[in-house]
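All values derive from a computational prediction rather than experimental measurement.
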Amino acid sequence: MDVRSVCLCVLLCVRCWAGPVEDVKIDRYSLPTLCAREVQQGDYVRYHYTGTFTNGTKFDSSLDKGAPFMGLVGSESKVIPGLDRGVQGMCVNERRKITIPPHLGYGVTGAGSVIPPDTTLVFDVILLDVWNKADKAEIRTLFRPQGCRRSVQRSDFVRYHYNGTLLNGTVFDSSYWRNITYNTYVGQGELIKGMDEGLLGTCIGERRSIIIPPFLAYGEKGYGSKVPAYATVIFDVLLVDVFNVKDDVQVEVQDVPQPCRRKAKAGDFIRYHYNGTFQDGTPFDSSYQRNSTYNTYIGLGHVIAGMDKALLGVCVGERRRVTIPPHLAYGENGTGSLIPASAVLTFDLHIIDFHNPSDSVDIRVTHAPAECSNTCTANDLITYRYNCSLLDGTRLYSSYVPYRQHLPQVTLGQGAVIEGLEKGLQGMCVGERREVTIPPHFGHGQDGGSGVPSSAVLLFELELLELQRGVPEGYLFLWLEDSPEPLFPAMDLNHNQEVPLEEFTDFIKLQVSEGRGRLRPGVDSDVIIRDMFTNQDQNSDGKITANELRVQTDHGEIPDHEEL
């Protein structure tokens, strides 16, 4: 064997006898429950560390410096190889004890006066953050409502709640702490780049987690004392509202009763119920809770501009959903504690009625009898049936109720009923039926009445049952023909020059029975005749004489029996 073979053999033997090179020892003594990502070569990391010798003596700590280490993992790493190798595969919030042999630490030279030569080092590490330059904002949808009609687009204005945390779970900010949404434009550079991208496509009511790497967040400067430099941030977002400055009022017609005889126009006075909610469904107001409609003029600026616009063209009884952007509602200031700034409002409307101050009583004949020779007029006593309702069908009063003992009677022209009903009853035939719509200025007005809401339009269904011709107001009896001349001899049936009550009663009843005169209807005839007799018996001696049928005036004597 030559010298070269011997040398080679010796070399080979020496290498075999040296044994394996010692590697980094890793003790993963605290692992997080979830690990979404492990450190790989090419990643950037942030971690806290404490470096000790094997006897426990500390030689360095990021905690003492008050700032974690941040650097690249892999070929361009600026840490000792053992530490670079030891953090690979770590999860955020994981704790490791990394034992590094000298040849993967500071080797045979050590590190000045701090690390002696050939020293084994122990690093206790907790990983705070990991990211890569290839990373993008990561979106994790936590909840997405069904029926997403609109999602966030660039140039939209949004309102959202958020919790902001670092990757290790440390909360650095929250809109919930301030009990107010964060309000901003999207896609116009008013947000960090990752949030600008992460909000796109979000629906109202959607919850999403947006994980943003440092270069799309707060970068090398961080954000004050809240977000450290080179920190990945996570925003858990709940989108409350979205609109665009180009948005107009949106109207969704849900139900229109037929027929729709008239549509609301500017200048009308309208009564409606509503439920008001924000776009996420949170209620803020309701007329139903107050058990009272909202009453206003429309088209005249008495309500917010969006509502003014949305109420035009509605029908009585119509239901519609109206979405109003803030620039047509309460704007960027909101209103007190009820409506926040820049809030989109949704109203579910039910139109109860509307009218115009120029409206008259509307009469529709629903049944006309074949024969109609007599129609009722002022001073007539009529008997009728009715139903009284609001225009939405709510029944207020009815003569059809079982417990009612008598059908309603009224003498027309005496102011005994509201003016609109008086107008609606005029000119009816017995057996005729009508629908009469009465605006409030011919009804109970803006103050309402017993059981009648303020400014309510009323609908009466009428049927005329009986008609008794009347006498003018202030009269008890009316001649239908010329009265006898002279009157007293015709009244003095036994020609004894005096007329007692019995004789007077017989005379008047004879005129009525033969169609020459008419008593005031609706009052007992004996009562009326007794009043008439009392009016003529001027000396109250129980009889009427010829002189008592005359009265002295400045112009001479005139008969005082016009009503006779």
Side-chain angles (χ1 to χ4, degrees), residues 36-37 43-44 46 70 92 128-145 148-247 278-280 323 325-327 331-332 334 340-344:
R37 176 175 181 173
D43 285 342
Y44 286 84
R46 281 193 316 113
M70 197 289 294
V92 172
L128 304 177
D129 205 343
V130 56
W131 57 278
N132 195 288
K133 285 188 175 180
D135 289 347
K136 297 180 180 179
E138 180 184 350
I139 298 171
R140 298 176 183 173
T141 301
L142 307 177
F143 171 76
R144 186 178 179 89
C148 178
R149 299 182 179 180
R150 175 174 180 176
S151 59
V152 177
Q153 307 294 322
R154 296 187 188 278
S155 79
D156 281 346
F157 191 90
V158 295
R159 297 194 307 120
Y160 61 89
H161 273 299
Y162 69 89
N163 286 318
T165 62
L166 304 178
L167 205 56
N168 67 346
T170 302
V171 179
F172 63 83
D173 195 13
S174 175
S175 64
Y176 296 98
W177 294 345
R178 296 180 289 277
N179 195 31
I180 188 172
T181 56
Y182 190 83
N183 307 340
T184 186
Y185 287 95
V186 176
Q188 297 189 0
E190 297 190 8
L191 293 163
I192 57 175
K193 291 182 179 179
M195 184 63 85
D196 248 351
E197 296 294 327
L199 287 171
L200 294 176
T202 312
C203 297
I204 299 294
E206 180 176 341
R207 294 179 181 271
R208 57 171 55 178
S209 184
I210 306 172
I211 304 169
I212 305 174
F215 57 90
L216 295 177
Y218 301 101
E220 61 183 6
K221 295 182 179 179
Y223 183 60
S225 61
K226 295 181 177 181
V227 180
Y230 297 106
T232 301
V233 291
I234 302 175
F235 287 94
D236 287 326
V237 171
L238 168 63
L239 187 65
V240 174
D241 217 341
V242 57
F243 73 93
N244 196 283
V245 292
K246 297 179 181 178
D247 287 349
F278 302 120
Q279 282 202 98
D280 65 350
T323 303
H327 48 276
E332 60 184 11
S342 301
V344 178

Chi angles and distances behind the side chain to side chain contact (heavy atoms under 4.5 Å, CB included) call for Ile234, Leu167: CA-CA 7 Å; Ile234 302 175; Leu167 205 56; 3.6 Å; yes
Identify each donor-acceptor pair in which a side-chain atom of residues 198-211 lies under 3.5 Å from a protein atom, sequence neighbours left out, and give them as a table.
{"unit_1": "Thr202", "atom_1": "OG1", "unit_2": "Leu199", "atom_2": "O", "d": "2.6"}
{"unit_1": "Thr202", "atom_1": "OG1", "unit_2": "Arg208", "atom_2": "NE", "d": "3.4"}
{"unit_1": "Thr202", "atom_1": "OG1", "unit_2": "Arg208", "atom_2": "NH1", "d": "3.3"}
{"unit_1": "Glu206", "atom_1": "OE1", "unit_2": "Arg144", "atom_2": "NH1", "d": "2.7"}
{"unit_1": "Glu206", "atom_1": "OE1", "unit_2": "Cys203", "atom_2": "N", "d": "2.9"}
{"unit_1": "Glu206", "atom_1": "OE2", "unit_2": "Arg208", "atom_2": "NE", "d": "3.1"}
{"unit_1": "Glu206", "atom_1": "OE2", "unit_2": "Arg208", "atom_2": "NH2", "d": "3.1"}
{"unit_1": "Arg208", "atom_1": "NH1", "unit_2": "Gly198", "atom_2": "O", "d": "2.6"}
{"unit_1": "Arg208", "atom_1": "NH1", "unit_2": "Leu200", "atom_2": "O", "d": "3.2"}
{"unit_1": "Ser209", "atom_1": "OG", "unit_2": "Asp236", "atom_2": "OD1", "d": "2.9"}

Heavy-atom pair of closest approach, residues [X] and [Y]:
X	Y	value
Ile139	Glu197	CD1-O, 4.4 Å
Arg37	Asn132	NH2-CB, 3.4 Å
Pro340	Arg159	CG-NH1, 3.7 Å
Ser342	Asp241	O-OD2, 4.0 Å
Asn244	Ser155	ND2-OG, 3.1 Å
Lys226	Pro228	O-CD, 3.8 Å

Side-chain donor or acceptor of Asp43 paired with backbone N/O of Val130 under 3.5 Å: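 Not at all, since once roles are kept as given, no pair shorter than 3.5 Å links the two residues.
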Asn163/Tyr176 under side chain to side chain contact (heavy atoms under 4.5 Å, CB included): CA gap, chis, key distance, verdict: CA-CA 7 Å; Asn163 286 318; Tyr176 296 98; 3.5 Å; yes
Check: Arg46 and Val92 side chains under 4.5 Å, non-hydrogen atoms: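 Heavy-atom side-chain distance check fails, nothing below 4.5 Å.
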Intermediate values then yes/no, side chain to side chain contact (heavy atoms under 4.5 Å, CB included), Thr232 and Leu166: CA-CA 6 Å; Thr232 301; Leu166 304 178; over 6 Å; no
[atom1] of [X] to [atom2] of [Y]: how many Å apart, nearest 0.5 Å?
X	Y	atom1	atom2	result
Leu128	Asn168	CG	CG	5.5 Å
His327	Glu332	NE2	CD	12.5 Å
Phe215	Tyr44	CZ	OH	10.0 Å
Leu216	Met195	CG	CE	12.0 Å

More than 12 heavy atoms of other groups within 6.0 Å of Tyr223 OH: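 No - once you tally the heavy atoms of other residues, nucleotides and ligands closer than 6.0 Å, there are 12 at most.
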Aromatic plane relationship, Tyr162 with Phe235 - under 30° parallel, 30 to 60° tilted, over 60° perpendicular: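 Answer is perpendicular, since the angle exceeds 60°.
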Parallel, tilted or perpendicular, as decided by the 30° and 60° cut-offs, for the rings of Phe157 and Phe243: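 Geometry flag for Phe157 against Phe243: tilted rings.
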Steps toward side chain to side chain contact (heavy atoms under 4.5 Å, CB included) verdict (Asp156, Arg150): CA-CA 11 Å; Asp156 281 346; Arg150 175 174 180 176; 3.3 Å; yes
